[in-house]
Protein chains: 2
Amino acid sequence: MTAEPYYSADGITIYCAEALDVLPELSGVGAVVTDPPYSSGGAFRGDRTRGVVAKYVQTGTLAYRPEFAGDSRDQRSFLVWSTLWLNAARQGSVSGAPVCVFSDWRQLPTTTDAVQVAGWTWRGIAVWAKGYGRVNGSGMSSSAEFVCWGTNGPAAEREDYPPGLFTCPPERGEDKRHVAQKPEAVMRWLLRLATPGALVLDPFMGSGTTLRAAMDLGLPAVGIDSDERYCEIAAKRLAQGVLPFGGVLA
Amino acid sequence: MTAEPYYSADGITIYCAEALDVLPELSGVGAVVTDPPYSSGGAFRGDRTRGVVAKYVQTGTLAYRPEFAGDSRDQRSFLVWSTLWLNAARQGSVSGAPVCVFSDWRQLPTTTDAVQVAGWTWRGIAVWAKGYGRVNGSGMSSSAEFVCWGTNGPAAEREDYPPGLFTCPPERGEDKRHVAQKPEAVMRWLLRLATPGALVLDPFMGSGTTLRAAMDLGLPAVGIDSDERYCEIAAKRLAQGVLPFGGVLA
DNA sequence: GCCGAGAATGAATCCATCC
DNA sequence: AGGATGGATTCATTCTCGG
């Protein structure tokens, strides 16, 4: 390993770098759980009908990027980029390792394509139900996020069969350190797919929720983020020690 | 209209024919809500080409539910076929009409492609949460079905914004007349997208749940099914008159 | 009528075996 | 070799029936 960790303690390692630079150096990964940038926010729909572009601006997790509006090139580059990191992550993973990739509805078909093109066996779409609805102006309110999941070849033998739908309210207020942050309970739900002792990888760590959940479950973990501000936030969060009750908080 | 209705009463019409034969003759459709054959059911071709009862209810001892046809297409023909009927349905629809197409996780990306290629504006993925799931041995249990939805051009103005996730247990026992039957409450949920008085179309009627829900909501409806056994079941079900309580049973 | 034990069920999946 | 078939298996929930 030539890359230098930004943080390392208690089986948890953080790299402050581009995912594609670090992933080729990893091996022995037992589970990949991540929430990559969606590159969504309404920028990619070939949009014949949308009246007001402004309604997508800043309503999602990403700002609208006008230079990409209505251009399917980005849909394709999102596919290529997703395939690249997913393949690199799979190369470092053991046989049977599960992969979980968050996506919004817009990018879900591209994500399922990327997972398969990268060599993973796609096995399903799990749903994180946020328990509330946001009216989106044209019809149904979006109250769920999706997780495209699969395995590296045949699934490892497992004792736990988590449900394909998990209900949990989103993070709010001071606990929210990142615009796209997921609650730890959501990550613990997905980590039930990991076998005992599996090395957890999150190539787009953000504020470190996946790593925090892995730590609370007693699993070693590797996180990568290119933004040093988030590496710092995550490192602080992980340095706070394990939670009481053996990390089995509901 | 040259096709001869199999049943017609109280604003409800049933055609016993192939969807692609009848759809070109329809016009003025205000909402398309349907549950087409998924052509899904397993990673192995042998599993997919099995009869629907064998591949979907193999563990059960019940054999009284009729088989249904058109469930063994491969990926390419499923896409082409879906595009064809979706386009034909759109041609007969008024501007702003919503479309809702059920899918399982495996066919969801193909379904979103077909909806868009057929000229509909894709607007989201809604989730029917069944409340519990069937374990599949390799990881998460599948406890949801998905609804790809959109509109014919700009969405019609509406007052009702149904939630993007709806929880309701699946039909069981004698109320279940079709292997893939959806509860009426699920269909009423989707029909909230229809404007008042809209003509509802279900090209793959099955046992007629969509039509029954439309009838209870006071909406006119057209159903199509190629299997006369299901046309008979649906006609009987629709001839029973409106439910008490103004059709707002929970 | 209430409760609990045991059986049944589900738009599966995987593997062994037989043509 | 490759398609077709039979059957074991997984868990949450509901159903059935007896006490």
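In what follows, chains carry the letters A, B, and so on, assigned in the order in which the sequence lines appear, proteins first and then strands, with residues in each chain numbered from 1.
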For the aromatic rings, using the six-membered ring if either is Trp, is the centroid distance between B:Trp189 and B:Phe166 under 6.0 Å? yes
Shortest side-chain distance from B:Arg134, nucleotide among D:dA12, C:dA12, C:dC14: C:dA12
If you check the B:Ser142 side chain, which of C:dA12, C:dC14, D:dT13 turns out closest? C:dA12
Given [N], is OP1 or OP2 found less than 4.0 Å from the side-chain N or O atoms of [X]?
X	N	value
B:Lys176	C:dT9	no
B:Arg106	C:dT13	yes
A:Arg123	C:dC14	yes

Got a sec, which pairs hit ring pair (Phe, Tyr, Trp, His ring centres under 6.0 Å) with one end in residues 216-239 of chain B, sequence neighbours left out? B:His178-B:Tyr230
Give me each pair satisfying side-chain hydrogen bond (donor to acceptor under 3.5 Å, both in side chains) with a member in residues 217-229 of chain B, each pair once, sequence neighbours excluded. B:Asp227-B:Arg229
Return the 5'-most residue of the pair B:Trp128, B:Ser138 with respect to DNA chain C, ranking by each residue's nearest nucleotide. B:Trp128
Tell me the interatomic distance from [X], atom [atom1], to [N], atom [atom2], rounded to whole angstroms.
X	N	atom1	atom2	result
B:Asp47	C:dC15	CG	C1'	10 Å
B:Glu171	D:dT14	CD	P	14 Å
A:Tyr161	C:dA12	OH	P	17 Å
A:Arg158	D:dT9	CZ	C1'	15 Å
B:Tyr132	C:dA12	OH	C1'	14 Å
B:Lys55	C:dC15	NZ	C1'	19 Å
B:Arg172	C:dA7	CZ	C1'	12 Å
B:Lys130	C:dG10	NZ	C1'	8 Å

Could you pull out all residues at least two apart from A:Pro220 that satisfy side-chain contact (heavy atoms from CB on, under 4.5 Å)? A:Leu199
For A:Phe204, which residues count as a side-chain contact (heavy atoms from CB on, under 4.5 Å) partner, sequence neighbours excluded? A:Ala19, A:Thr34, A:Pro36, A:Pro37, A:Trp81, A:Trp85, A:Asp202
Say we look at C:dA11 and D:dG7: how far apart would their P atoms be, to the nearest angstrom? 22 Å
Spacing of the C1' atoms in C:dG1 and D:dG19 (rounded, Å): 12 Å
Report yes if a donor N or O on one partner sits less than 3.5 Å from an acceptor N or O on the other, where the partners are the side chain of B:Arg50 and the base of D:dG3; otherwise report no. no
Less than 4.0 Å between a side-chain N and a carboxylate O, is that true for A:Glu171 and A:Lys130? no
Among residues at least two apart in sequence or on other chains, which ones pass ring pair (Phe, Tyr, Trp, His ring centres under 6.0 Å) with B:Tyr7? none
Would A:Arg192 and A:Glu159 count as a salt bridge (charged side-chain N to carboxylate O under 4.0 Å, His left out) here? Give the steps. CA-CA 9 Å; A:Arg192 287 171 61 182; A:Glu159 294 170 4; over 6 Å; no
Touch check for [X], heavy atoms < 4.0 angstrom, all strands: base, sugar-phosphate only, or nothing?
X	result
B:Gly131	sugar-phosphate
B:Pro36	base
A:Pro163	nothing

In dot-bracket, 5' to 3', how would DNA chain D read with Watson-Crick or G-U wobble pairs under 3.5 Å, [ ] for crossing ones and | for pairs to another strand? .||||||||.|||||||||
For B:Tyr56 and C:dG10, do the ring centres fall under 5.5 Å apart while the planes stay under 30° apart? no
